[in-house]
Amino acid sequence: MRLYRKEGLNVQIISFPNEEVAKGNYLVVEDRETGRSLIVQVVDIQYANIPGILEELLRNYNGDSYIKGEDLDPFEVGNHIEFIQDARLLICKIRASNSDGVLVSANSWLPSRSRAIVKPFPIEKLLIQVKMHEVYSMHLGETMEKKGLCVDVRTLDGGLNIITGKKGTGKSHMSKLLTLSMVKHGAPIVVLDLNGEYAGLGKDVDGKPNEFSGKIHVLTPGKNLQVTLAQLKLGVMLKILVNALNLPGTSAREFRRIWSFLQQKDGLSMSNLGEAIKNWKCNQHVRDALFSRYYTLLSSRLFTDNSAQATSLRDALYKARVGGAVVINLRDISTIGRHIVVEYVLGKLVELLTSWKLRAVFLFAEEAHLYLRETYWDDIVTRMRHFGVFTTFITNQPDTIRENIYSQADNLFLFNFTNEHDLETISRASKADAETVKSVVRDLPPFHCLALGKVVNDFPVVVRVRQLDVLAMGQTRLFFSERNS
Amino acid sequence: MVNAQLPITTTPKYNFPFSEENICLPQKFMELSISSLKKLQPIQPFTESMATSLSTTNTCTKYQKNCAPSTKLFKLEPDRTDTSIVAIDVSSIKLGETKTGILLAVRGAIVWKQADSYRYLRVGPFPFHASEKNKDKIYNRLHQHSQVAHNQKLTTFNLQYIQTRLTTLLERWIQASINQTTRNSLILWDGCLMAGTPETPTKTMAQLLAKARTNGNVILAFSKMTRLFLFGHRITDLVWKHPPPCLVLISNYSDRAGSMHLLGNLYVAKLTVGNCAFRLDVDKELAKMRAIEAVKKLLGNDLFQQSYPETLRLAHIFSTFTANEVLGLQRCIAKESNLKIITRLNLRRLLFGRFGKGSDG
């Protein structure tokens, strides 16, 4: 490989067919005389602009069998010509420069074009240089050089993470990997599981309990997630009514009075609440508004008057405090029901976190736009991280996440996208330049992601996400495969 | 009753394709090429004569008149009798200079046209490193193995002519091979039937033409450029007002110029509509009607673009070197022979700046 051109952060390198280079690979441009080097990443691979190539291709085209022939080439010059023809131009981005073993971000240095040696720079060497994996090692998968990639799990702490990619590329797989890795390191996780995919985390591929079986607590609203009104605080219930069920302010005031009335009588229950609304002296419109919300709450099956059936979310979260995941199974729940459950869970989380009964929690939210109210996005990004809710959004529709959220994300795990609009959306992430994101992400094979951010110390790295020995659930139900089997 | 014997002759099909074994020269070319590249002498001081650019010489230029030339126009009708066409062209290129000499490459191309398809064989490229030390050796060794140029006394020549000489030598060699292996075909050459140069002695050319006649072939030599003038006009301009296809025979044009000897009859061929006409040389020993019939067959069997036969055009295309190939050859030499190409100062540029035109030196 030879250094050809440098313009700003862009470096162009000539590479020959016998040199294995792929998009996402790191290279080092070394100038031994000065003891300095540039660390660059390949973001695109093009054909080198070889003079006379068009004539060569036109002359040797014989697809239409109009002319055929052969070469008597005793010196095998043809191989050398093909070698030149297949020369590639590597479009690279400077990621750092190395001066006497110290990585610095300065890139104004210009290596000698004639002296500089260009060679592959293994990612693990890069991670050693930035002292990444010491104590809290998390095995993410393999680098492009088929070497294991371990990252520091603490880089996910206190931040906002986004996992995005088109369908079937491995987003949920990555999310599960992060969940289990963090559980292994003692982190409490709450998963808002839209498709019931995380229920199998405690089982291996054969359905037998695995090492996480005691640490995965799957809660399904209406089944093993039911609460009594007595377990709720008024604040949480009002959030449900106002945010999830759009209860107007006047009605909310009446509801507050009803709640206080029942609380004073020690009669907080769904049946008593229904009776109280029915007999409460208030405007008929307010009564109707309250009744409609009451019946919605009933139909969500989240609430029960039977204290024996009631689940304590707090207890489940306490269990997860030393490493565990509480999976809220939102599968087969109506849209309104999902909103109610999520409001309840988030309200409860904030309640426990503000009272320091929980130190922090990592929230994994799949397709959050389907159940998070509009104002929550800003809350999560700005306010809730201060309470200790560190969110990871997982979505296959990147435009459902606002641009300001991308720019504030601490870590991004980008899986393949081919749609230009989607690529444009994710390229706005501030963790890498748009060119890198668009070019690399477009060509990622399934189960490969481009990791950006603190987790890779701001060196974009292509990772082949490792396999998990867990029971896969929530897969697409296929018509033909079932009929054939 | 006597059974009538049908007149069975070999069909042109049997001339196509011709086997590689018939080309014995490339082996020698290869050996010499290797030896020229390997047997490097210690670095010699650079001499001025080496820096002068290599220029090709056009030997088919002027002939002295000894009597008044005349012209005769022949209107042509395509003759579609199935006839094989073979075209030969050779290219060479200077790849660069080393401290002791020049690097060059030669390649030949043969294109066969039969029915509706074309087939080609490219011979080479053969890279050479020619220096003052080895130039005579290269040339003499190649000459010794030439099928057409034996018993020729060879003289020392300037290094700047090595490219032309090697090119012509390979061309004559391929032409000789084709002549031997082809029957009843039209053989198209690039250039003219001029002989008497060091690389094409008269005897050599005469032998080539004689062999062609023996095998029933007709050699048609097309010159893309000519400097021959008649009545104050370039000869190719003589046919501008005649509707194509036509052929103008120029008689009584002197066939000698010093040691050089034209062994062909001189024609101007305008074969298709357009502005182009070409000088065409056809073996003088061949009856004029036979030559005209051959051109008619060419018209009936090949495609034409601007009066130029497609088979010969393809031969040129396949033999010529692209910039990409030059890079490949330079790499091949650097890798296999460890020869380093040097860049000499362009004195014209150095002295005259933007006004320094032309090649280096």
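Since this is a predicted model, take the numbers as computed values, not measurements. Throughout, protein chains are lettered first and strands after them, A, B, ... in sequence-line order, and every chain is numbered starting at 1.
Only the side chain of B:Glu336 has a heavy atom closer than 4.5 Å to any heavy atom of chain A. Residue B:Ile333: no heavy atom, backbone or side chain, is found under 4.5 Å from chain A.
Surrounding CZ of A:Phe83 are more than 12 heavy atoms belonging to other residues, nucleotides or ligands, all under 6.0 Å away. Heavy atoms from other residues, nucleotides or ligands lying under 6.0 Å from NZ of B:Lys335 number 12 at most. More than 12 heavy atoms of other residues, nucleotides or ligands shown are found within 6.0 angstrom of CD on A:Gln46. Enclosure of atom CG in A:Asn49 is not indicated, since only 12 or fewer non-hydrogen atoms of other residues, nucleotides or ligands lie within 6.0 angstrom. The number of heavy-atom neighbours closer than 6.0 Å to CZ of A:Arg115, taken from other residues, nucleotides and ligands shown, is above 12.
Considering every non-hydrogen atom in both A:Gly69 and B:Arg119, the closest pair reads CA-CG, 4.5 Å. Of all non-hydrogen atoms in A:Gly52 and B:Thr322, the two that sit nearest each other are O-CB, 4.0 Å.
If you tally non-hydrogen atom pairs under 4.5 Å between each of B:Ile317, B:Val326, B:Leu314 and chain A, the highest count goes to B:Ile317.
In this structure, the separation between CD on B:Glu325 and CD on A:Gln85 is 8.0 Å, given to the nearest 0.5 Å. Atom CG of B:Asn324 and atom CD1 of A:Ile84 lie 7.0 Å apart (nearest 0.5 Å). Note that CG of B:Leu327 and CD1 of A:Ile81 are 9.5 Å apart. Values are rounded to the nearest 0.5 Å. Atom OG of B:Ser33 and atom CZ of A:Phe75 lie 3.0 Å apart (nearest 0.5 Å). The distance from atom CD of B:Glu310 to atom CD1 of A:Ile67, rounded to the nearest 0.5 Å, is 7.5 Å.
When side chains are defined from C-beta on, B:Tyr120 counts as touching A:Asp71, because their heavy atoms get closer than 4.5 Å.
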